[in-house]
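FYI, side chains are in, hydrogens and waters are out, and symmetry mates aren't considered; it's all heavy atoms of this structure.
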Amino acid sequence: MAAATSASLFSTVSSYSSKPSSLPHSRLQAVKFNSLPSFTGLRSTSLISGSDSASLTKTLRGSVTKAQTSDKKPYGFRINASYKVAVLGAAGGIGQPLSLLIKMSPLVSTLHLYDIANVKGVAADLSHCNTPSQVRDFTGPSELADCLKDVNVVVIPAGVPRKPGMTRDDLFNINANIVKNLVEAVADNCPNAFIHIISNPVNSTVPIAAEVLKKKGVYDPKKLFGVTTLDVVRANTFVSQKKNLKLIDVDVPVIGGHAGITILPLLSKTKPSVNFTDEEIQELTVRIQNAGTEVVDAKAGAGSATLSMAYAAARFVESSLRALDGDGDVYECSFVESTLTDLPFFASRIKLGKNGLEAVIESDLQGLTEYEQKALEALKVELKASIEKGVAFANKPAAAAAN
């Protein structure tokens with residue numbers, strides 16, 4: 001991989017614009033690492049550049065613009081890493097590249113990798129990377145408690161991947177039980193951690209996690225997140241390609257859920273403002289909704305969207321770490337407990353803070369087009385059923401849930 005350059009200077013420049021929006025843009029700021037080794041952390045609203053074209057990342061943009069900070073000291077990376085992150089399912093197709101990307105963050109002091117098998121080699125491999133975080137491996141349920149002790153962020157990509165012809169619902173019986181067991185361990189060992197659920201179907205596994213945490217008496221809706229960042233990443237990519245826009249400038253909010261028609265890109269709220277024909281709206285919406293299937297089919301039985309999912313999940317992890325670290329202008333889309341609609345969980349843009357979810361961006365659902373409004377009402381039926389399925393699973397007796 002050509003990502004590792006010999007450059008010792010990386011500059012991080014937050015994207016900005018003079019155009020008005022519902023959330024004002026931040027001022028230009030730069031953070032330089034003059035004496036750090038050749039690595040850079042991911043920032044969700046950043047252009048990261050090295051000394052040549054082999055830079056790790058050219059563009060990582062957050063799902064909304066940052067708020068005005070003219071009266072604040074510009075936020076910058078903390079050089080001394082201080083946060084513990086655990087990846088549960090670290091030896092899998094998503095877990096391995098995700099762990100690599102998290103390992104690159106200058107905010108991470110300790111990276112705990114857990115899986116039921118094959119994780120020791122992954123940890124040994126990653127431990128050779130010259131970035132600040134120390135890597136430790138944990139194998140099997142007997143070591144899960146130690147893995148989770150004093151962790152700040154828990155990321156759960158564990159589970160089986162989709163295969164050709166398989167829907168996210170087909171994954172339910174296997175992945176639902178995996179998530180249930182892992183979240184029980186999180187509740188017992190690091191109940192105050194941010195919990196990022198990647199395991200599909202997210203529309204059901206997040207409600208399962210919520211019910212488990214409630215039973216344990218430690219549920220904090222501000223700290224439970226369904227990772228839907230990949231839908232935003234795809235929407236931004238596809239729109240920029242379709243309209244020949246500079247990718248770093250493109251921002252498309254995506255609401256609803258994280259499966260099929262429950263994924264609703266709000267193309268009318270694309271930044272920068274751009275006009276779409278009815279045909280383009282239909283084409284882009286369907287492609288964004290079915291992008292996961294596009295990858296599954298292309299891999300022809302060899303897996304699902306692992307690399308792009310890892311990229312998107314790493315962005316959400318870095319956003320969470322920045323929020324924990326005191327950055328007051330961190331926004332992402334996520335599937336969370338919400339009062340934005342009549343559904344108990346809903347994906348929308350949110351503001352992240354030190355204690356988790358600080359605010360839901362209500363303006364996203366205002367002024368929708370007729371197409372978007374109809375799509376919103378249509379997705380609610382399927383999303384409601386998926387949420388209820390998760391809640392019902394979590395509340396079954398243990399023996400029944402295992403079947």
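For Lys243 (side chain) and Asn275 (main-chain N/O), a donor-acceptor pair under 3.5 Å exists by modelled atom type. No donor-acceptor distance shorter than 3.5 angstrom exists from the side chain of Ser199 to the backbone of Gly159, with no hydrogens or angles considered. At least one donor-acceptor pair closer than 3.5 Å links the side chain of Asp115 to the backbone N or O of Ala91. Checking side-chain atoms of Ser334 against main-chain N and O of Val336 turns up no donor-acceptor pair under 3.5 Å. A donor-acceptor pair is defined here as one N or O able to donate and one able to accept, closer than 3.5 Å; no such pair exists between the side chain of Ser268 and the backbone of Leu368. Within the 3.5 Å criterion, the main-chain N or O of Thr237 finds a donor-acceptor partner in the side chain of Ser240. Looking only at distances, a side-chain donor or acceptor of Glu280 sits under 3.5 Å from a matching main-chain atom of Thr277. Using a distance-only test at 3.5 Å, with no hydrogens or angles considered, no donor-acceptor pair links the side chain of Thr270 to the main chain of Ser273. Judged by distance alone, with hydrogens and angles left aside, the side-chain atoms of Gln96 form no donor-acceptor pair with the main-chain N or O of Ala90 at under 3.5 Å.
For residues 195-208, there are no salt bridge (charged side-chain N to carboxylate O under 4.0 Å, His left out) pairs, not counting sequence neighbours. Every pair passing ring pair (Phe, Tyr, Trp, His ring centres under 6.0 Å) that includes a residue from residues 191-212 is listed here, sequence neighbours excluded: Phe194-Phe225, His196-Phe225, His196-Phe316.
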Item to complete: Quick one: do Lys374 and Glu377 satisfy salt bridge (charged side-chain N to carboxylate O under 4.0 Å, His left out)? Show the steps, please.
Response: CA-CA 5 Å; Lys374 287 181 178 178; Glu377 293 307 313; over 6 Å; no
Item to complete: Please test Glu318 against Arg322 for salt bridge (charged side-chain N to carboxylate O under 4.0 Å, His left out), starting from the C-alpha separation and ending with a verdict.
Response: CA-CA 6 Å; Glu318 192 70 14; Arg322 284 170 47 216; over 6 Å; no
Worksheet item: When you look at Lys242 and Glu283, which way does the salt bridge (charged side-chain N to carboxylate O under 4.0 Å, His left out) test go after all the steps?
Response: CA-CA 10 Å; Lys242 173 66 70 174; Glu283 177 188 340; 3.0 Å; yes
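Cation-pi geometry between Arg287 and Phe238 is met: the NZ or CZ atom falls under 6.0 Å from the ring centre, inside 45° of the normal. The cationic group of Lys389 lies under 6.0 Å from the six-membered ring centre of Phe172 and within 45° of the ring axis, placing it in a cation-pi geometry.
Partners of Asn181 under the side chain to side chain contact (heavy atoms under 4.5 Å, CB included) rule, at least two apart in sequence or in another chain, are Asn177, Glu184. Leu340 meets the side chain to side chain contact (heavy atoms under 4.5 Å, CB included) test with Ser338, Phe346, Ser348, Val360, Glu362, Leu365; sequence neighbours excluded.
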Donor-acceptor pairs under 3.5 angstrom involving side-chain atoms of residues 207-222: please list them, not counting sequence neighbours.
from, atom 1, to, atom 2, distance (Å)
Glu211, OE1, Asn395, ND2, 3.4
Glu211, OE2, Lys214, NZ, 3.2
Lys215, NZ, Ala394, O, 2.6
Lys216, NZ, Asp188, OD1, 3.1
Lys216, NZ, Asp188, OD2, 3.3
Tyr219, OH, Glu337, OE1, 2.6
Asp220, OD1, Lys222, N, 3.0

Identify every side-chain donor-acceptor pair in residues 133-144 under 3.5 Å, counting partners at least two apart or on other chains, and give the distances.
from, atom 1, to, atom 2, distance (Å)
Asp137, OD2, Lys120, NZ, 3.1
Glu143, OE1, Thr139, N, 2.8

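Annotation: side chain of Val85 is in contact with side chain of Val155 (closest heavy-atom distance under 4.5 Å).
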